[in-house]
Amino acid sequence: MQQLTRNGVLIDDTFAEAFGMRATAIIITAPTLKWARQAATTMTGYATSVIGCGCEAAIDMDVPETKTPDGRPGCRVMIFAMGTDELQKQLKSRLGQCVLTSPGSACFAGLEGSAPLDLGNSLRYFGDGWQISKKFGGRHYWREPVMDGEFLCEATTGLTKNAVGGGNLLFLAADNSKALHAAERAVAAIGKVPGAIMPFPGGIVRSGSKVGGKYKGMMASTNDAFAPTLRGVVNSALTPDVNAVLEIVIDGETSDAVAAAMRAGLKAVIDLGPKKGALRVSAGNYGGKLGKFHYHLKDLLP
């Protein structure tokens, strides 16, 4: 494989392969940012991969009081799924179990999309007949009585069919601490890109996967080509100086958001340099056969 070099970091001449998804977003507010983020963090728990979780979700950004519908601190949460029905199912259950239940929370549409998805329209029945429908400023809300007052929830939010899932970067380093340092730098940089999320724990995944496996029914299994302990017994993609690999997976509201996020992550790791971080950066793909979105690393270099 051909490689380029930036600030001593080797960049594989390869591409990340991503695919189309359905996505939505909501704005969660609360009396303090702490509690807005608590509701959002709980809602996005166990949402790392559609392979096992049904959806991929994370906090996109914090939203200041001056930009939320009710003038309280909040955050924008994004949720991705492979189909509209699954997205609606995940949205309803996570909203009901994790946001409705959180102290002082309120929920508003976070995306103007091509079609509506139910928010308050599906949760209003919890009000047991005491819920109140309100229309204000051309928007529809539901007010539901709860034990600390009212849960205010917009009736619907938007759906986009132009979302992209599976953008990725692989950081190859001499040891675990340097791989983690590089990945953390990339996460911090990508976190500043609006409309893009990193659904894995802290934005980082160590268990990169390949499609299928030798056991029946496995949709995915360990990416043995990038597993240091298997070097010498498989067709390894690792050189002898690489002993740890970490990956960042990126979902975006648009293809441009994924590209911008990957560009930001690449720059952060290149600026860090190989002595403190990654010796090499690569990306995962399936030969271009799985997804129609291909992000070539050489086109994203600073």
Side-chain angles (χ1 to χ4, degrees), residues 18-30 33-62 74-103 105 107 110-111 117-119 122-123 126 151 153 157 159-160 163-169 180 183-184 186-187 190-191 195-213 215 217-223 246-253 258 261 284:
F19 42 87
M21 298 186 79
R22 307 292 172 91
T24 190
I26 61 172
I27 303 293
I28 299 171
T29 67
L33 181 59
K34 169 190 172 180
W35 281 104
R37 288 188 65 87
Q38 181 62 67
T41 300
T42 306
M43 181 184 182
T44 57
Y46 188 58
T48 59
S49 172
V50 292
I51 292 174
C53 306
C55 74
E56 299 175 7
I59 296 173
D60 176 29
M61 67 180 75
D62 292 334
C75 50
R76 184 178 192 249
V77 168
M78 298 192 70
I79 306 174
F80 294 74
M82 298 307 296
T84 301
D85 289 346
E86 182 64 26
L87 184 60
Q88 178 66 82
K89 173 185 172 184
Q90 293 287 336
L91 181 61
K92 177 183 177 181
S93 61
R94 291 168 184 271
L95 183 65
Q97 294 300 309
C98 306
V99 182
L100 171 64
T101 58
S102 186
S105 66
C107 181
L111 180 68
L117 291 171
D118 287 340
L119 292 176
S122 61
L123 293 187
F126 180 77
F151 175 58
C153 187
T157 189
L159 161 75
T160 178
V164 176
N168 66 85
L169 293 167
L180 184 58
E184 287 176 333
V187 165
I190 293 170
I197 65 165
M198 298 163 284
F200 281 94
I204 303 168
V205 55
R206 69 173 183 169
S207 57
S209 61
K210 64 179 182 295
V211 174
Y215 297 107
M218 289 294 294
M219 294 178 62
S221 61
T222 189
N223 191 350
L246 289 174
E247 181 179 8
I248 289 178
V249 175
I250 301 161
D251 296 339
E253 192 173 326
V258 173

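Between Val205 and Asn168, every side-chain heavy-atom pair lies at or beyond the 4.5 Å cut-off. Between Trp35 and Ser102 there is a side-chain heavy-atom pair separated by less than 4.5 Å. The closest side-chain heavy-atom distance from Thr48 to Pro201 is below 4.5 Å. The shortest side-chain heavy-atom distance between Ile197 and Val77 does not fall under the 4.5 Å cut-off. Looking only at side-chain heavy atoms (C-beta outward), Val50 and Glu86 stay at 4.5 Å or farther from each other. Between Leu180 and Ile204, some side-chain heavy-atom pair lies under the 4.5 Å cut-off. Residues Met61 and Cys75 form no side-chain contact, since every pair of their non-hydrogen atoms from C-beta on lies 4.5 Å or further apart. Proximity of Asp251 to Met78: side-chain heavy atoms (C-beta onward) are nowhere separated by under 4.5 Å.
Rounding to the nearest 0.5 Å places CG of Leu123 at 8.5 Å from CG of Leu91. Distance CE/Met198 to CD/Glu247: 13.0 Å, rounded to 0.5 Å. Note that the NZ atom of Lys89 and the CG atom of Asp118 stand 16.0 Å from one another [nearest 0.5 Å]. One distance of note links CZ of Arg206 with CG of Asn223; it measures 14.5 Å at 0.5 Å rounding.
No hydrogens or angles considered: a donor-acceptor pair under 3.5 Å links the side chains of Gln38 and Thr42.
Across every non-hydrogen atom of Met43 and Leu95, the tightest pair is CE-N, 4.1 Å. The two residues Ile26 and Cys107 have their closest heavy-atom pair at CD1-SG, 3.8 Å. When all heavy atoms are compared, the tightest approach of Thr24 to Leu111 is CA-CD2, 3.8 Å. The two residues Ala58 and Pro199 make their nearest non-hydrogen contact at CB-CA, 4.3 Å. Across every non-hydrogen atom of Tyr46 and Arg94, the tightest pair is O-NH2, 2.9 Å. Taking all atoms of both residues into account, the shortest heavy-atom contact from Met82 to Gly20 is CE-O, 3.9 Å.
Salt bridge Asp62/Arg37: present, at least one basic N to carboxylate O contact under 4.0 Å.
Annotation: Phe19, atom CZ; neighbour count of heavy atoms from other residues, nucleotides and ligands within 6.0 Å is above 12. In Gln97, the CD atom is not crowded: 12 or fewer heavy atoms of neighbouring residues, nucleotides or ligands sit closer than 6.0 Å.
Between the side chain of Thr157 and the backbone N or O of Gly110, at least one donor-acceptor pair lies under 3.5 Å. Judged by distance alone, the side chain of Asp60 and the main-chain N or O of Gly195 form a donor-acceptor pair under 3.5 Å. Lys210 places no side-chain N or O within 3.5 Å of a backbone atom of Ala220 that could act as its donor or acceptor partner.
Of the candidates Asp85, Ile79, Leu87, Leu117, Arg22 forms a side-chain contact (heavy atoms from CB on, under 4.5 Å) with just one, namely Leu87.
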